[in-house]
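Here the structure is laid out as structure tokens; the discussion comes afterwards.
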Amino acid sequence: MRQRSRGFTLIELIIVITIIGILAATALPRYINAQQDARISKVQAFAGSMRSAAALAKARCELDLARGLSGAGQCGNAAPQVTMDGQVVTMLNTYPTADAAGILAAAQIVAANDGVTLVPGPPLLVEINGAATLATCSISYTAAPLNGSPTITPDVSGC
């Protein structure tokens, strides 16, 4: 006696395709929200990194000034600089400048490696790639005024 092998019926295939479609429809919005959440987290992480880097660079600069160091690459020089993790960071009013040689070097942010677009300022904008509107998914860094501190403003309204 020979048994005949049976395949799937058309009804079974339609039911499976329908179930897969329903699962995809419910999972897709969650995936999109996960991307938005990731971009928001990235903005917050870069803003925190820039705040920390600015504070560390200021501390290094204040130490140089307290010790009266005014040589090349030191904060007491006419062109103030500090060295952080082997990176030379340009300074203005004891804080990093708003450019690649300043805050970006201090925070070790590299556009090619970190998925960001840099817009020179003032203020310097670090925009997160992949956002619907780059300018509203960004961090703005304004250099410190005399006797003040820099302004670091994250914007996640368009992430």
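Both backbone and side-chain heavy atoms feed into the values below; hydrogens, waters and symmetry mates do not.
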If you measure from [atom1] on [X] to [atom2] on [Y], what distance do you get to the nearest 0.5 Å?
{"X": "Lys58", "Y": "Leu63", "atom1": "NZ", "atom2": "CG", "value": "11.0 Å"}
{"X": "Ile15", "Y": "Leu10", "atom1": "CD1", "atom2": "CG", "value": "10.0 Å"}
{"X": "Glu62", "Y": "Tyr95", "atom1": "CD", "atom2": "OH", "value": "8.0 Å"}

Next on the checklist: Test: disulfide (SG to SG under 2.5 Å). Region: residues 42-83. Which pairs qualify, not counting sequence neighbours?
Outcome noted: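 Matches after skipping sequence neighbours: Cys61-Cys75.
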
Checklist entry - What residue pairs, at least two apart or across chains, pass disulfide (SG to SG under 2.5 Å) with a residue in residues 79-128? => result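 Pairs touching residues 79-128 that pass the test: none.
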
Next on the checklist: Using a 6.0 Å cut-off, check whether atom CD1 of Ile11 has over 12 heavy atoms from anything other than its own residue.
Outcome noted: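 No, because the 6.0 Å sphere around CD1 of Ile11 holds 12 heavy atoms or fewer from other groups.
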
Next on the checklist: Suppose we screen for side-chain contact (heavy atoms from CB on, under 4.5 Å). Which residues come up paired with Thr133, at least two apart in sequence or across chains?
Outcome noted: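 Expected list: Thr136.
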
Item to check | Contacts of type side-chain contact (heavy atoms from CB on, under 4.5 Å), residue Arg39, not counting sequence neighbours | outcome: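 With sequence neighbours excluded, Arg39 shows a side-chain contact (heavy atoms from CB on, under 4.5 Å) to Gln35, Gln36, Ile128, Ala131, Cys137, Cys159, given in chain and number order.
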
Those residues that, when tested against [X], pass side-chain hydrogen bond (donor to acceptor under 3.5 Å, both in side chains) (two or more places apart):
{"X": "Asp37", "answer": "none"}
{"X": "Ser70", "answer": "none"}
{"X": "Asp155", "answer": "Ser157"}

Cut-off 3.5 Å, no hydrogens considered: what does the side-chain donor-acceptor table look like for residues 100-118, sequence neighbours left out?
| residue | atom | partner | partner atom | Å |
| --- | --- | --- | --- | --- |
| Asp114 | OD2 | Val110 | N | 2.8 |
| Thr117 | OG1 | Asn129 | OD1 | 2.6 |

Item to check | For Val16, the rest of its hydrophobic cluster, which grows through side-chain links under 4.5 angstrom | outcome: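 Result for Val16 is Ile20.
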
Checklist entry - Residues two or more places apart in sequence or in another chain: which of them pass salt bridge (charged side-chain N to carboxylate O under 4.0 Å, His left out) with Lys42? => result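 For Lys42, no residue satisfies salt bridge (charged side-chain N to carboxylate O under 4.0 Å, His left out) once neighbours in sequence are set aside.
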
Checklist entry - Quick one: salt bridge (charged side-chain N to carboxylate O under 4.0 Å, His left out) partners of Arg60, sequence neighbours excluded? => result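 Arg60 satisfies salt bridge (charged side-chain N to carboxylate O under 4.0 Å, His left out) with Asp64 once adjacent residues are dropped.
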
Pairs of donor and acceptor atoms involving the side chains of residues 76-84, under 3.5 Å and at least two apart or interchain, shall be tabulated with distances.
| residue | atom | partner | partner atom | Å |
| --- | --- | --- | --- | --- |
| Asn77 | OD1 | Ala79 | N | 3.4 |
| Asn77 | ND2 | Gly71 | O | 3.2 |

